[in-house]
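In what follows, a structure is listed as structure tokens, so that the remarks can point back to it.
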There are 2 protein chains.
Amino acid sequence: MFMLERSDLMLIDAIDRLGTVTKAADELYLSQSAISHAIKRLETTMGVKFWKKSGRNLVLTPAGKRLLTHARRLLPQFEHIEQEISGFKSGVQGKLRIGMECYPCFQWLLKIVAPFLKAYPQVDVDVLKEFQFAGLAGLFNYDIDILVTPDPVFRPGLEFIPVFAYEQVLVVNSQHALLQKPFAEPRDLLQETLLSYPIEDSRLDIYTQFLLPVGGSVRKHKKIENTEIILQMVAANRGVTVLPRWLIEEHREQFDISALPLGNTGIHKQIYLGVREDSDPPKFQRDFVSLALEGKLLQP
Amino acid sequence: MFMLERSDLMLIDAIDRLGTVTKAADELYLSQSAISHAIKRLETTMGVKFWKKSGRNLVLTPAGKRLLTHARRLLPQFEHIEQEISGFKSGVQGKLRIGMECYPCFQWLLKIVAPFLKAYPQVDVDVLKEFQFAGLAGLFNYDIDILVTPDPVFRPGLEFIPVFAYEQVLVVNSQHALLQKPFAEPRDLLQETLLSYPIEDSRLDIYTQFLLPVGGSVRKHKKIENTEIILQMVAANRGVTVLPRWLIEEHREQFDISALPLGNTGIHKQIYLGVREDSDPPKFQRDFVSLALEGKLLQP
DNA sequence: CATAAACATGAACAGGATTAATGGTTTAGA
DNA sequence: TCTAAACCATTAATCCTGTTCATGTTTATG
């Protein structure tokens, strides 16, 4: 009775990735013939053709494509398991892969990662930006172990832990007229240029929580990658932006900027750590969460 | 260079599940000695001990436990892949596993599954209730292929497709005084007994969307599994409940009940189908979604 | 203390996986 | 158009992995 093995998945992955059986054989430290035989065995035992000849190469059949997508999904998990397991022989070693879904997350994360790295010298930390992993899917696929995000998903199988509360404030030039007011109202932005990180409007709080509910808008909206550049432009009176208050406090000295709340209540957000509800995750992973929670206490 | 294989995962799983190496050998159609050798090979090549002797049995070390949880996660996926792949040889055959996260979902699903089964006689349909899978995790783990839920999660890697809109209405006895009013207000429920399915309050629309926002409450809250029983109790004037309007229409004849909107706008919900953003899912899976969407058109 | 249950070990074996050698197609390029 | 190179398939021989068999050791049980 045949069993699809990891080696079969590696086979189909390598052939597709490298284009030819010969190159795949090379990568897998096998002969071309070995691969050819393996293909035959796989296809006959499963009773399904995964490749067909096209010229002098092999191309995937629909069944093959399907198997490939599963291979692409599972193989990294095997690698991750091996990494994790080999950690058990050499002490506490391991790797913590953190995915981030928001810009302020990164700024906050930097503050937490530093003490963690110090406390766990044997643990590697990988910080993945949004485009390098697939959000929730990344968590479940074991591409990442921790998801840092402002949008929690409270569903079975997941745990989202609030670790940091902050207020989103409107950042303006220090001489800006708006600073006369105790807080900004949507209509105050009608003539302003909004500067933001390059993400969809639907994920910007100023739209979802401030402008859209009352049909407000801005004169212009410019998207910029870099926080410093954004602040520089605000300081130069080229626009306004929305950022966490604590981030602004840290740049007060450097830039000629001030901040005021959005609306009379202000926009309040939380950063959450999302983790899988795993049966016994590595200790350093739980410890990272604890450390983040301690940080929460420190940051009033 | 050693590779953790599926067979290794099967090994650790079987030993743990059956308790002894001997029984595991039995299940895997191997000799006890074969397993014993395999264990040794696995442990020496990975450089980690996964079992230690306890009396005359083997018990898992922490590393072993960790490997086991990964095994439990991955093995079903292999089985699923094999199932799916073998579908390619015998035509359109396959299995569609649908997970449900809400009670009205089930009622709705029944209507969709029937025509699907007729249209795809070679496809098996498994409908899993909430406690048999882990929601979103089930989707990503390939425990289920489609998640039926009223709470969509719009995140990368997932697609949630609205397939059915309905109104949650307050269901009362046909002689109930409230029926004089055009719609129910939160204070109307102060003296009522609320009947609901046995789920947490935080997932009941009447709380989250009706009572809690204004600090309302009910006199008493009883949780009951079965729709018919609930309706019987409402008919007997033993309480009120909240259900989709279309469900009530279907039971009008049978029970002495009537319905009225919750609040002046009513509570409006949608059922969504959640699927993985897979590269080419099986055809019958996409077809199921299409069928559900057609159903949407039929149900005004 | 005898017995059975359970796992470990060593030697021998079988068969599956690998390779080398060769042949058959296809394609690129002169 | 022809040749050489690139690529995959097949055969037969070989290797070596994983298996079994036989036996040993430890532990629980009555």
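Letters A, B, ... are given to chains in the order of the sequence lines, protein chains preceding strands, and every chain is numbered from 1.
Note on A:Ser31: a base of the nucleic acid sits closer than 4.0 angstrom, heavy atoms only. Contact annotation for A:Ile35: no contact, since no heavy-atom pair falls under 4.0 Å across all strands.
The one candidate from B:Asp16, B:Ile15, B:Val21, B:Val59 that meets the side-chain contact (heavy atoms from CB on, under 4.5 Å) condition with B:Trp51 is B:Ile15.
Here the P atom of nucleotide D:dT17 and the CZ atom of B:Phe2 are 12 Å apart, to the nearest Å. Protein atom NZ of B:Lys52 is 14 Å distant from nucleotide atom P of C:dA8, rounded to whole Å. In this structure, the CH2 atom of A:Trp51 is 14 Å from the C1' atom of D:dA9, given to the nearest Å. Distance, B:Asn57 CG to D:dT29 P: 10 Å, rounded to whole Å. One can place CD of B:Gln32 at 11 Å from C1' of D:dT23, the figure rounded to the nearest angstrom. Between A:Leu42 atom CG and C:dT18 atom P the separation is 13 Å, expressed in whole Å. As rounded to whole Å, 15 Å separates atom P of C:dG16 from atom NZ of A:Lys40. Taking atom CG of residue B:Leu30 and atom P of nucleotide C:dA6, one finds them 18 Å apart after rounding to whole Å.
The ring of A:Tyr142 has its center closer than 6.0 angstrom to the ring center of B:His70.
Here the shortest heavy-atom pairing between B:Ala71 and B:Pro76 reads O-CD, 4.1 Å.
Remark on DNA chain C: of its neighbouring residues B:Leu58 and A:His37, the 5'-side contact belongs to B:Leu58, judged by nearest-heavy-atom nucleotide. Of the two residues near DNA chain C, A:Ala34 and B:Ile39, the one whose nearest nucleotide lies more 5' is B:Ile39.
Of the side-chain N and O atoms in B:Thr22, one or more sit less than 4.0 angstrom from OP1 or OP2 of C:dC7. Remark: B:Arg41 is not in phosphate contact with D:dT17, judged by side-chain N or O atoms under 4.0 Å from OP1 or OP2. Distances shorter than 4.0 Å separate none of the side-chain N or O atoms of B:Ser36 from OP1 or OP2 on C:dC7.
Enclosure of atom NZ in B:Lys129 is not indicated, since only 12 or fewer non-hydrogen atoms of other residues, nucleotides or ligands lie within 6.0 angstrom.
Ring pair B:Phe154/B:Phe160 is perpendicular by interplanar angle, where above 60° counts as perpendicular and below 30° as parallel.
With respect to A:Glu101 and B:Arg155, a salt bridge is recorded, a charged nitrogen being found less than 4.0 Å from a carboxylate O. A:Lys49 has a carboxylate O that lies under 4.0 Å from a charged side-chain N of A:Glu43, or vice versa, which qualifies the two as a salt bridge.
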### Task
Could you encode protein contacts along nucleotides 25-30 of chain C as a string, one character per nucleotide from 5' to 3', using B for base contact, S for sugar-phosphate-only contact and - for no contact, with a heavy-atom cut-off of under 4.0 Å?
-BB---
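Scanning atom types as modelled, no donor and acceptor separated by under 3.5 angstrom connect the side chain of A:Thr20 and the base of D:dC8.
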